[in-house]
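All figures in this text were calculated on a predicted structure; none of them were measured in a lab.
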Amino acid sequence: MPIKEARCTNCGSILMADTNEDTVKCLFCRAVMDTSDAFSVAANPEGYEFPNEPQPEEDVAANAASIYNKALKQAHTSKKAQGIARTSQPKTATAQAQSAAPRAQVEKIEMPSAKLSTSAKIKIAAFIGVLCLLIA
């Protein structure tokens, strides 16, 4: 997924566009344009007149959902590309339904143990006892 510099054909803002995508959206004026057009404008911005036309408002919730679904799809395809082997255990109907939906992978972090040894507990109790005697 190579990223190259492009220009918005509406407002002239500098964009970073994926060369594999068909369209790119300007973050400033919200104009949607062909990626090839944005790259050609970036190559020669002096020879292009930017109209700076107002763009229609968009449904933010639908846009966020599409971005989320796209990220999940990319995570799922990258997981397949890495060749992560799955264990061959018999699956229940619930497990099969859950494995069909792509998920983002979360790294599991091991927490250190907070248990004290018996000798450490005795030392702490003795220290508190001596401290109480000194105060009294």
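With Thr35 contributing its side chain and Glu21 its backbone, the two residues share a donor-acceptor pair below 3.5 Å. Not one N or O on the side chain of Thr23 forms a donor-acceptor pair closer than 3.5 Å with the backbone of Val32. The backbone N or O of Ala38 lies less than 3.5 Å from no partner atom in the side chain of Thr9, so there is not a single donor-acceptor pair.
Interatomic distance, Ile14 CD1 to Phe28 CZ, rounded to the nearest 0.5 Å: 9.0 Å. The CD1 atom of Ile124 sits 9.5 Å away from atom OG of Ser119, with the distance rounded to the nearest 0.5 Å. Note: Thr118 OG1 to Ile122 CD1 = 6.5 Å, rounded to the nearest 0.5 Å.
Among all heavy-atom pairs drawn from Val41 and Phe50, the shortest one is CG1-CE2, 3.6 Å. Closest approach of Met33 and Arg7 over heavy atoms only: SD-O, 4.0 Å. Of all heavy-atom pairs between Cys11 and Asn52, the closest is CB-OD1, 3.6 Å. The nearest pair of heavy atoms linking Cys29 to Cys26 is N-SG, 3.5 Å.
Considering only heavy atoms from C-beta on, Leu15 stays 4.5 Å or farther from Glu5 through its side chain. Between Asp34 and Asp22, every side-chain heavy-atom pair lies at or beyond the 4.5 Å cut-off.
There is a path of hydrophobic side-chain contacts, each under 4.5 Å, that joins Ile128 to Leu116.
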